[in-house]
Amino acid sequence: MVCVRRNVYIIATSDTRNTLIRGPIRQWLKDHDVPAYWSAVNRGWFVRDERMPDLRAELEHAGYSVRGASR
């Protein structure tokens, strides 16, 4: 059995309302109806700060390795 490690990085930005998330989570966000918008400049997804604690827990439960600092 091959174990695929899926890393997700949470990056604090200067934006006071959104947090940047990088990683292969496009389909996961869509499947779980999480509103997020893609930033081509930052190469990641912006998600509202108030969703981050729950989102981090759900990603870890889904088998993602969540790294980085949360606010």
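Computed from heavy atoms alone, side chains included, the values below leave out hydrogens, waters and symmetry copies. The structure presented is a predicted model; accordingly, all values stated were derived computationally and were not measured. Position 1 is the first residue of the sequence; numbering continues from there.
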Side-chain donor or acceptor of Arg6 paired with backbone N/O of Gly23 under 3.5 Å: no

From CG (Asn18) to CD (Glu50), nearest 0.5 Å: 8.5 Å

Side-chain (Arg51) to main-chain (Ala36) donor-acceptor, under 3.5 angstrom: no

Nearest heavy atoms of Pro24 and Tyr64, plus distance in Å: O-OH, 3.5 Å

Non-hydrogen atoms of Thr19 and Ile11 that approach each other most closely: CG2-O, 3.6 Å

CZ/Arg48: more than 12 non-hydrogen atoms of other groups inside 6.0 Å: yes

Heavy-atom closest contact (Trp45 atom, Arg26 atom, distance): CZ2-CG, 3.6 Å

Value rounded to 0.5 Å, distance of CG in Asn7 from CD1 in Ile25: 12.0 Å

Closest non-hydrogen atom pair between Arg43 and Trp38, with its separation: C-CH2, 3.6 Å

Stepwise side-chain contact (heavy atoms from CB on, under 4.5 Å) check, Leu55 with His32: CA-CA 10 Å; Leu55 184 65; His32 290 84; over 6 Å; no

Exercise: identify the closest heavy-atom pair between Asn42 and Arg22: O-NH2, 2.7 Å

